[in-house]
Every structure is written in C-alpha cells, then in structure tokens.
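Just so it is clear: chains get the letters A, B, ... in the order the sequence lines come, proteins before strands, and each one is counted from 1.
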Amino acid sequence: MVEFAQWLQATPLSITVQSVKWIIPLLQSVHILMIGVVFVSILMIALRVLGKVREDESFADVWARFAPWMWSGIVVMALTGVVLVIGEPVREFSSTSFWIKMVLLLTGVACVVVFSRAAWSTGANAGGAGFSGGARSAAVVTVVLWLAIIFLGRAIAYDVEVWGSLSLSAAS
Amino acid sequence: MDTPALVQAIQASAISEWMRGSLKSLPVIEAVHVMAIAVVFGTILIVDLRLLGFPDTKRSFTRTSDELLRWTWSAFAIAVVTGALMFAANASTYYVNAMFRWKLVALLCAGVNMAVFQLVTNRTVAGWDRNVPTPPAGRVAGALSILLWVTVIFLGRGIGFTKGYDFAVPEDAEMDLEYLQ
C-alpha cells in the first residue's frame, strides 16, 4: 500500500494537484459544500421518520425531494475526494482516520438504503401513524454514523493527535 | 499590521492557552465546526431554493422555513462557539488574515440580507406563501443568500491555507498550515 501511494504520488496527475495551489483548497471547499447537501438531505429523511419535519408530506414525497440531492452530493463528494487522495496519497493512506472513514462511508450508504426501505414498507402517509421502532432507531444510527464520517474526515489532518500509537503514520 | 490589545488579550487568555496546549481539542472542535456548517448551509439552502421556486411552490414557504429555523440557529450558535475557540487559539494570526476578514464581511452581508428579507419582503408572505411565485425581492434574497454562504465556506477553508502568511506565501512554502501554531 505504501508503494502504491508513493507510485500514485509520483504520477503526473498527482503532481499537478500538488503543485497547482488553488486545486486542493477549491476541491476541499466543494467537498464541504457537498457535506452540507448530503448530511442535511439525510437529516431531513431521518427527521421525517422521527416525525420532526414535513409531517404534512408522505415519506415518499420527502424521499423524492431529498434522495436525488443526497445521491448527487455523494457522487460529487466521491469525485472531489478521489482527486484529493490522488493529490496526497501518502498522507491519506497512512492515516488511521482515512481507513475507518472509508469503512464507515460504505456502512453509512448501506444504512441509508436499509432504513429508507424499512420506512417505505411501513408506508407512512401524510399525517399517518408513526414509524416502527426499528425504522426510528435506524434513522438515528444513520445520522450518528454520518457525523462520525464528518469527524473522521477532519481528523485525517490530525492522525497522531487523535489516534496516538494507533495512528498508521506513527507506525511507519 | 498593528494587532490591537483586545486580540492580544484573547490570545493570552486561559481558554486560548488550553486550545493550544490540548492536542486533541483542535481536531474535535474543527470537526464540530464542519458539522455545524453542514447543517447551517444545508438547511438555509432548502429555504433559499424554496424562495427561488424549487422544487415547486406547492408547500407553504412559512412552514418550510419555520420548521428548519431552530436547526439553522442551533447549528449557527455551535459554529460561532467553535469558531470563536479556533480564533482564540491563534487570535493574532486570524486577525491579520485577509481570508478571515473577508469571511466576516461575507457573514455580515448574509446577516443583513436575511434581516432585510425578514423585516421587509417577508411581511407580505401571506400573499405568496404557497402556489404563487415568490416576489422578485424574495428571489433575489434567496439567490444572494446561497451565493454569500458558499463564499463564507470557501473563505473559511481558505483561512487554513493562508493563516499566518496573509497571502504573501513564498513560492516553495508548504500550503496546508494546519499544524502552524
């Protein structure tokens, strides 16, 4: 993995990202904007399940309003994230936070799919009965998981401070 | 540039000392700042897009706006507290940083834009709350708000790349200065 990171870091694309000074700040800013879009889209869907917002609309309407934003935001986040990794592969791959973030990211997307399906099958309509306890718990877990993903993203820059001896960069 | 006594006093304060001395506090506070920004920007975007008629005008503007307001304000309060802590840790370098200064200007503009909307345009909301296009003043407020908050986020991220150098960055300097104290 270290060799792969070093190879990637020496590719022309990586060198371009490293040397053109506005690329990384621009991509990081777009990445943060998308965190806002994605996290709040998930929050709105979760809060609808918990009965805190948009109770005048059916779950299907809330899903139709926010899911396209969530998925589009995730795609833009992934694209900007990939280019950021290409720009600093050694730093990212030697960060414990980065790898945990990747695992949680897959889990986070899976959670959204699972709990939205559970919510669909409960079939809540506008002003209808509430959701099952399972769907509610899944909504809370999904939001907490995405907060953890945001934390780990910021923690990549502070791997040793956050993880101490568990930091991959401390080991190497 | 002259650093006023107030900024020096903040930098010398106990809370500032604690921020610099505690290695774990900075990543946690920065991460909470990002989470708060995400909620502020995302919820405001929903309201602004509704002003612009997206996805449609079927849902009451007041309802859309009111149910999100508490989330926006709570998150904004958290962003202000975490932002103030980050400022306190390195007050003198933030104070002279151009990105930081422009960010405050953009935040002020966003606040004025919102105040004008609340005090003037929103007074006629009964006439356009649903199924009617928002009046031009409301649409301008929505578009301006999106533009200003995007600017705030870009400038905020820019602080991390210029802090301590104030744009006069030497050609061969390491740009990401998050470790700079």
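Two rings, from A/W69 and B/F54, have their centers less than 6.0 Å apart.
For the atom pair A/E55 CD and B/E67 CD, the distance stands at 9.5 Å (nearest 0.5 Å). Atom CD1 of B/I46 is separated from atom CZ of A/R54 by 6.0 Å, given to the nearest 0.5 angstrom. Note that the CG atom of B/L68 and the CE atom of A/M44 stand 5.0 Å from one another [nearest 0.5 Å]. Between the CZ atom in B/R59 and the CG atom in A/D61 there is a gap of 10.0 Å [rounded to 0.5 Å]. Taking CG of A/L33 as the reference point, atom CD1 of B/I37 lies at 10.0 Å (rounded to 0.5 Å). A distance of 3.5 Å separates CZ in B/F161 from CD in A/Q28, rounded to the nearest 0.5 Å.
Neither the backbone nor the side chain of B/V40 comes within contact range of chain A, judged by heavy atoms closer than 4.5 Å. Contacts between B/V32 and chain A at a heavy-atom distance below 4.5 Å are absent for every atom of the residue. Within the 4.5 angstrom heavy-atom criterion, no atom of A/L152 approaches chain B. Within the 4.5 angstrom heavy-atom criterion, no atom of B/S60 approaches chain A.
B/F41 and A/V37 get closest at one heavy-atom pair: CE2-CG2, 4.2 Å. Taking all atoms of both residues into account, the shortest heavy-atom contact from B/M35 to A/L147 is CE-O, 3.2 Å. A pairwise comparison of heavy atoms in A/F151 and B/A31 identifies CD1-CB, 3.4 Å as the closest pair.
Under a cut-off of 6.0 angstrom, the local environment of CH2 in A/W63 is crowded, with over 12 non-hydrogen atoms contributed by other residues, nucleotides or ligands. At most 12 non-hydrogen atoms from other residues, nucleotides or ligands lie less than 6.0 angstrom from CH2 of B/W73.
The cluster map of Ile, Leu, Val, Met, Phe, Trp and Tyr, joined by side-chain heavy atoms under 4.5 Å apart, puts A/W22 and A/I32 in the same cluster. Residues A/M102 and A/L104 are members of one and the same hydrophobic cluster, defined by side-chain heavy-atom contacts under 4.5 angstrom among Ile, Leu, Val, Met, Phe, Trp and Tyr. B/M114 and B/L119 sit in two unconnected hydrophobic clusters of ILVMFWY residues. Membership requires side-chain heavy atoms under 4.5 Å apart, directly or through other members. Under the 4.5 Å side-chain contact rule for hydrophobic residues, B/V39 and B/L49 share a cluster. Cluster membership check: A/I74 shares its hydrophobic cluster with A/V76, using side-chain heavy-atom separations under 4.5 Å among Ile, Leu, Val, Met, Phe, Trp and Tyr.
Salt bridge status for B/K24 with A/E161: absent, with no side-chain N to carboxylate O gap under 4.0 Å.
Looking at B/P55 and A/R65, their side chains come closer than 4.5 Å, going by heavy atoms from C-beta outward. Here the side chains of A/V40 and B/L45 are not in contact, with every heavy-atom distance at 4.5 Å or above. Taking 4.5 Å as the limit, every side-chain heavy atom of A/H31 sits out of range of all side-chain heavy atoms of B/R157.
Put simply, of B/G158, B/G156, B/P27, the one with the most heavy-atom pairs under 4.5 Å next to chain A is B/P27.
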